[in-house]
Amino acid sequence: MATVSERSVDRLEELRRIRESVRTGPDPRATGRQHAKGKLTARERIGLLLDEGSFTEVEQLRRHRATGFGLEARKPYTDGVVTGWGTVEGRTVFVYAHDFRIFGGALGEAHAEKIHKLMDMALAAGAPLVSLNDGAGARIQEGVSALAGYGGIFRRNTRASGVIPQISVMLGPCAGGAAYSPALTDFVFAVRDISQMFITGPDVVKAVTGEEITQNGLGGADVHAGTSGVAHFAYDDEETCLAEVRYLLSLLPSNNRELPPDAPSTDPADRPNDALLDLVPADGNRSYDIRDVIEETVDDGEFMEVHAGWATNLVCALARLDGRTVGIVANQPAAMAGVLDIDASEKGARFVQFCDSFNIPLVTLVDVPGFLPGVEQEHEGIIRRGAKLLYAYCNATVPRVSVVLRKAYGGAYIVMDSRSIGADVALAWPTNEIAVMGAEGAANVVFRREIAAADDPEAMRQQKIKEYRSELVHPYYAAERGLVDDVIDPRETRALLVRALAMLATKSTTLPSRKHGNPPQ
């Protein structure tokens with residue numbers, strides 16, 4: 001009769017063999033096919049994302065219980081999804097990764113239950129959740145059970161929203177209802193040529209509308225990063241993509257109860273910004289790249305731009321000032337003169353809401369000529385959708401500092417975190433023009449009768465423009481009325497931002513008691 005010790009040895013050897021087969025995958029040929037497509041396996045991806053040796057797997061030996069359609073003969077371990085936790089720069093992160101080698105990464109009941117469990121663990125632990133998506137959607141053979149599994153994921157995505165950071169990394173196909181989980185998360189990363197997201201694929205589109213299009217043309221990385229705005233980041237390869245996910249996580253708190261992690265900075269807090277005097281033209285009609293201003297101002301010139309390819313007339317970025325994470329929202333004069341339109345408003349609103357959820361102070365750089373006029377914008381709902389940015393700023397309780405660099409006209413000035421909607425500190429450069437509209441347009445309205453009656457209408461118009469500018473658009477008009485706290489030397493921008501944010505580090509404010517607001521949609 002075998003002893004307990006002998007039985008243990010046998011069981012341990014069996015467990016070792018099982019774990020080795022799970023680690024290597026169900027079939028070496030499946031791994032080869034994955035690599036031939038330029039794609040990594042689920043475990044290779046997890047290895048790049050997490051600190052070396054830190055991954056602890058959950059339910060490695062889980063199998064599905066479905067029968068019929070040949071499933072009873074195929075019960076691989078993990079059921080097509082690898083779940084667990086590890087660390088990124090020493091901080092806990094939960095991760096799940098679809099294994100395309102098993103059932104094409106399709107989601108079944110057991111597969112979904114593993115993800116549900118991991119999401120519950122992440123929420124309970126107060127740690128970020130990263131999903132590495134590479135799956136063929138719902139497992140058809142399991143019918144409605146698979147659909148219910150997606151429902152459980154969506155519900156947990158929503159409950160975790162604003163509580164823990166949620167990041168989706170698209171590393172393969174994501175079709176149908178499966179695409180809604182990434183859309184519910186905070187950030188979506190995509191890799192060119194291997195990532196596709198769509199509700200209905202090219203075949204369905206052709207059958208219904210007659211349009212012919214490829215998978216990448218319909219829902220590839222660049223489409224979603226530049227046209228639809230579904231993806232926040234797009235990269236050429238998985239290694240770069242996962243490295244950038246690690247960098248993003250280093251900027252974020254683990255949950256909404258914590259502050260973002262500080263990082264030691266060798267960039268002096270009071271470093272003068274001499275270059276800013278030449279970067280921003282005093283002439284409001286001349287263009288420049290606001291990213292140069294951001295680079296000159298933040299620690300070591302490093303920032304992570306969000307949605308860099310979509311709604312390019314507004315720049316949203318995460319960076320550090322004196323080692324502290326900040327969110328930056330800035331008009332981009334190099335694109336559409338920096339006007340606010342529907343896409344820019346929605347882009348800014350989502351970013352402001354994210355920063356507010358996770359205690360990230362906001363710095364707003366203002367150079368905005370107004371909202372984009374036009375029939376299309378009005379018919380598409382610029383009033384309703386532009387109000388999203390206004391709502392997001394008004395609702396934000398994190399420290400908020402705004403700097404007017406140049407133009408700040410009309411309602412767009414108010415929306416871009418003006419003092420009147422709650423900016424804690426409002427600064428302006430001497431080149432600022434804060435007004436209802438530009439002097440040229442205002443003179444044409446206010447003095448139209450005098451201009452029309454003049455012997456030389458153009459000379460009169462130029463005189464009235466000069467008069468209006470000197471009376472109402474001069475740099476100190478807003479400061480005299482308390483609408484900005486100070487008119488500053490551009491070279492002191494970094495130092496004053498650092499001081500203001502240090503002062504606001506202990507800011508405490510509350511919103512009225514309510515279940516939740518009802519933002520414009």
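The pair E302-R320 does not count as a salt bridge, with every side-chain nitrogen at least 4.0 angstrom from each carboxylate oxygen. Taking a cutoff of 4.0 Å between a charged side-chain nitrogen and a carboxylate oxygen, R159 and D120 do not qualify as a salt bridge. Under the 4.0 Å criterion applied to side-chain N and carboxylate O atoms, R43 and D99 are not assigned as salt-bridge partners. Salt-bridge formation is detected for the pair D289/R291: a Lys NZ or Arg NE/NH1/NH2 atom is positioned less than 4.0 Å from an Asp or Glu carboxylate oxygen. A salt bridge is absent between D424 and R400: the closest approach of a Lys/Arg side-chain nitrogen to an acidic carboxylate oxygen does not fall below 4.0 angstrom. By the 4.0 Å N-to-carboxylate-O rule, R45 lies close enough to E238 to be salt-bridged with it. At a threshold of 4.0 Å, the pair E346-K388 counts as salt-bridged, since one of the basic side-chain nitrogens sits closer than that to a carboxylate oxygen.
Not a single side-chain hydrogen bond (donor to acceptor under 3.5 Å, both in side chains) links D300 to another residue, sequence neighbours left out. Listed by chain and residue number, nothing satisfies the ring pair (Phe, Tyr, Trp, His ring centres under 6.0 Å) test with F351 (two or more places apart in sequence, or in another chain).
Put simply, CZ on R499 and CG on L321 are 13.5 Å apart, with the number rounded to the nearest 0.5 Å. If you take CG on L218 and OG1 on T200, they are separated by 6.5 Å, rounding to the nearest 0.5 Å. Distance check, rounded to the nearest 0.5 Å: NE2 of H307 to NE2 of H224 gives 11.0 Å. The distance from the CZ atom of F233 to the SG atom of C241 is 9.5 Å, given to the nearest 0.5 Å. Rounding to the nearest 0.5 angstrom, the gap separating the OG atom in S228 from the CH2 atom in W310 is 8.0 Å. Of the inter-residue distances, the one linking C355 atom SG with L362 atom CG reads 5.0 Å to the nearest 0.5 angstrom.
Remark: the N359 side chain and the E258 side chain contain no N/O donor-acceptor pair separated by less than 3.5 Å. No side-chain N or O of S357 forms a donor-acceptor pair with one of N256 less than 3.5 Å apart. Looking only at atom types and distance, the side chain of S265 has no donor-acceptor partner in the side chain of D267 under 3.5 Å away. For the residue pair N395 and D356, no side-chain donor N or O sits within less than 3.5 Å of a side-chain acceptor on the partner. There is a side-chain donor-acceptor pair under 3.5 Å between S168 and T185.
The main-chain N or O of L40 is found under 3.5 Å from a side-chain atom of Q34 such that the two form a donor-acceptor pair. Under a 3.5 Å cut-off, the side chain of H98 and the backbone N or O of G80 do not form any donor-acceptor pair. A donor-acceptor pair is defined here as one N or O able to donate and one able to accept, closer than 3.5 Å; such a pair exists between the side chain of R385 and the backbone of E380. With hydrogens and angles ignored, the 3.5 Å screen pairs no side-chain donor or acceptor of T87 with any backbone N or O of E89. Put simply, the side chain of R271 gets close to the backbone of E296: a donor and an acceptor are under 3.5 Å apart. Between the side chain of E44 and the backbone N or O of T41 there is at least one donor-acceptor pair closer than 3.5 Å. Under a 3.5 Å cut-off, the side chain of N133 and the backbone N or O of M170 do not form any donor-acceptor pair. K114 places a side-chain N or O within donor-acceptor distance of the main-chain N or O of E59, the cut-off being under 3.5 Å. Looking at S161, its side chain never comes within 3.5 Å of a backbone N or O of T158 through a donor-acceptor pair.
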In sequence, state the C-alpha distance, the side-chain angles, and the governing distance for D51 and R91, and then conclude on salt bridge (charged side-chain N to carboxylate O under 4.0 Å, His left out).
CA-CA 9 Å; D51 296 338; R91 296 193 301 149; over 6 Å; no
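Of all heavy-atom pairs between F187 and H232, the closest is CA-ND1, 3.5 Å. The shortest heavy-atom contact between D79 and A110 is OD2-CB, 3.6 Å. Closest non-hydrogen pair, N313 versus A335, comes out as CB-O, 3.3 Å. Nearest heavy-atom pair, R494 versus D322, reported as atom, atom and distance to 0.1 Å: NH2-N, 4.2 Å. Closest approach of R350 to D186, counting heavy atoms only: NH2-CA, 4.0 Å.
Cation-pi check for K39 over F100 is met; the charged atom lies under 6.0 angstrom from the ring centroid and within 45 degrees of its normal.
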